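Have a look at the structure below before the remarks.
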Amino acid sequence: MNAPLVDAALTGADTATPVLGAHGLSFAHAGVGTVFDGISLAIRRREIVALLGSSGCGKSTLLRVLAGLEKPATGEVRFLGQPQAAPHPRSALVFQQPSLLPWLRLADNVGFGLDFAHQPRAGKDALKARIAAAIEAVGLAGREAAYPAQLSGGMAQRAALARALAREPELLFADEPFSALDAITRAEMQALLVDVVHRWHSAVLLVTHDIDEAILVADRILLMGGRPGHLVQEWTVDIPRNREDHPDGVAGLRLAILAALRHASP
Amino acid sequence: MRGAGLLLPFAGLLAAALAWAAGAGWLVSVTPVATAFAPLATFEALQQLVQGSDLWVHVAVSLQRVAIGLVFALVLGIPLGVLTGLSPLFSKTTTPLFQFARMISPLSWMPIAVMVLGVGDAPVYFLLAFAAVWPILLNTASGVAQLDPNWLLLARSLSATRRETLLRVILPGITAHILTGVRLAIGIIWIVLVPAEMLGVSAGLGYFILDSRDRLAYSDLMAAILVIGFLGYLLDHGARSLHRRWLHA
Ligand SMILES: Nc1ncnc2c1ncn2[C@@H]1O[C@H](COP(=O)(O)OP(=O)(O)OP(=O)(O)O)[C@@H](O)[C@H]1O
Ligand SMILES: [Mg+2]
């Protein structure tokens, strides 16, 4: 009901174009050396991809490169088929911490930056509607006037998700967005994420080191490992949703991933 | 329970007033002029002063000097603080200098300030700004250092211009720290103000203190001391509540 209109220009023939395509990416931090090397991947429209890997293997760095926040040493990133020179207006970020701006009310946090010079022009009313729809979708309707200090951790992370949704993202980059939450809130947020990105027709790149989270949420799982980091293996998750109702499928995939993890880290 | 919250502070004030009365009583036995220092005489003088217009003129002049000194300190301190927070090079170059300059009592500059800037308001502004710039500078710098890196990532993900990043993220993001600096600065300014007004100016609370002494109006002098304390308390209270309101905590 509240889901935004699908961009007419994108519904036609080019649905086959991936939202994001990366070829031969490598990246090095000054002094630390190569973080990852030879990474190629594609994320299809509306696809939820989980990027799994042990701590320090370069997931966050890869996410920042894919999001256009860092330049790769080699390789290129294409967003909707176009070479990406700067972060694309139709991509959005969610971090491990909500990182709301404490001086802004919830509604202003959710709408933050939509009026920036390099964002697509949109009418005031259209923006208001987008903000309201995003807040409603994450279940925070009625709290528009609250300040971040007045929100619980779970509510703040919902607000951060709404802030990403308000940009009507083609692709949502999320770096361990739920790992700071308690188990119950985390399960709620995982379900909410799947629900809203389906309604918003967004693709997701979800960085996590929680295998269960990857299995419960993702359509496809990429395993990253090694030094320098590279993509080790990938799985398509064809367990029907809700996946909690299919424990056998989940357990089987879990074991397969665990085995691959053991191989990846000698 | 609001009554209980006020009871203790009130008891403290009352105890101080009693100690004051006792001290003044003892002093009278040493020098008879001391009757003028006693609480009763002081409060009578205060009542007279509050009803007249003289005191208010001095208060207005002093508050205006505080405001102007603070504005100078902000105009200097915030940009320097941002620069210190953003540039390790600038920070390394200036930190020892700032720590050195900060420890010099601003009043020691007084003779030089009067010589260079002439008699009048200008040296007072200079001294106040010089006293207040350090807490603002240092708090601004630590505010920049403590900015949430994700806010900057967010700004970059929105392809924010420099101006947008500065005005919509960095400045509001460090405002709480700047307000902490302002609060400290007001405390320092208020303390430096009175001695700074004792030289070469003809209005203000510091001038009023000296003038009362010269008129041998010791009750007025004591009343001025009360006024100075009360106004300082109000200023600090104002700065505090500004800080709280900004954080919405
Ligand atoms: N700004 C930086 N400068 C230098 N080295 C860095 C920087 N950021 C990360 N690194 C290094 O790059 C490597 C990859 O870091 P990254 O944060 O991408 O890993 P990660 O897979 O996200 O880890 P985690 O699961 O702990 O979040 C690490 O060895 C880290 O020490
Ligand atoms: Mg990480």
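If you're wondering where the values come from, they're calculated on a predicted model, not measured in any experiment. Here is the naming used below: chain letters follow the sequence lines, and residue numbers restart at 1 for every chain.
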Quiz prompt | Spacing of D210(A) atom CG and F178(A) atom CZ [to the nearest 0.5 Å] | solution = 11.0 Å
Quiz prompt | Distance-minimising heavy-atom pair for P87(A) and S157(B) | solution = CB-O, 3.6 Å
Exercise. Tell me, with the steps shown, if E170(A) and R45(A) meet salt bridge (Lys or Arg N to Asp or Glu O under 4.0 Å).
Key: CA-CA 7 Å; E170(A) 280 292 330; R45(A) 301 196 56 220; 3.3 Å; yes
Practice problem: Would you mind reporting whether W109(B) and V116(B) have side-chain heavy atoms less than 4.5 Å apart? | Solution: no
Quiz item: With a 4.5 angstrom heavy-atom cut-off, which part of Q150(A) approaches chain B: side chain, backbone, both or neither?
Solution: side chain
Quiz item: Can you name the nearest heavy-atom pair linking L51(A) to M224(A), along with the distance?
Solution: CD1-CB, 4.1 Å
Quiz item: When you look at D175(A) and L93(A), which way does the side-chain contact (heavy atoms from CB on, under 4.5 Å) test go after all the steps?
Solution: CA-CA 8 Å; D175(A) 192 349; L93(A) 289 173; over 6 Å; no
Self-check item: Neighbours of chain B found in residues 116-124 of chain A - heavy atoms under 4.5 Å
Solution: F116(A), A117(A), H118(A), Q119(A)
Exercise. Ignoring hydrogens and angles, state whether a donor on the side chain of N139(B) or T180(B) is under 3.5 Å from an acceptor on the partner side chain.
Key: no
Quiz prompt | Residue part contacting chain A, namely of N150(B), when any heavy atom lies under 4.5 Å | solution = both
Quiz prompt | Contacting region of F173(A) [heavy-atom separation from chain B under 4.5 Å] | solution = neither
Practice problem: Pick one of side chain, backbone, both or neither for P89(A), based on which atoms fall under 4.5 Å of a heavy atom in chain B. | Solution: neither
Exercise. Select one option (side chain, backbone, both, neither) describing which atoms of L100(A) are under 4.5 Å from chain B's heavy atoms.
Key: backbone
Practice problem: Apply side-chain contact (heavy atoms from CB on, under 4.5 Å) to I170(B) and T165(B), showing your working. | Solution: CA-CA 6 Å; I170(B) 295 182; T165(B) 306; 4.2 Å; yes
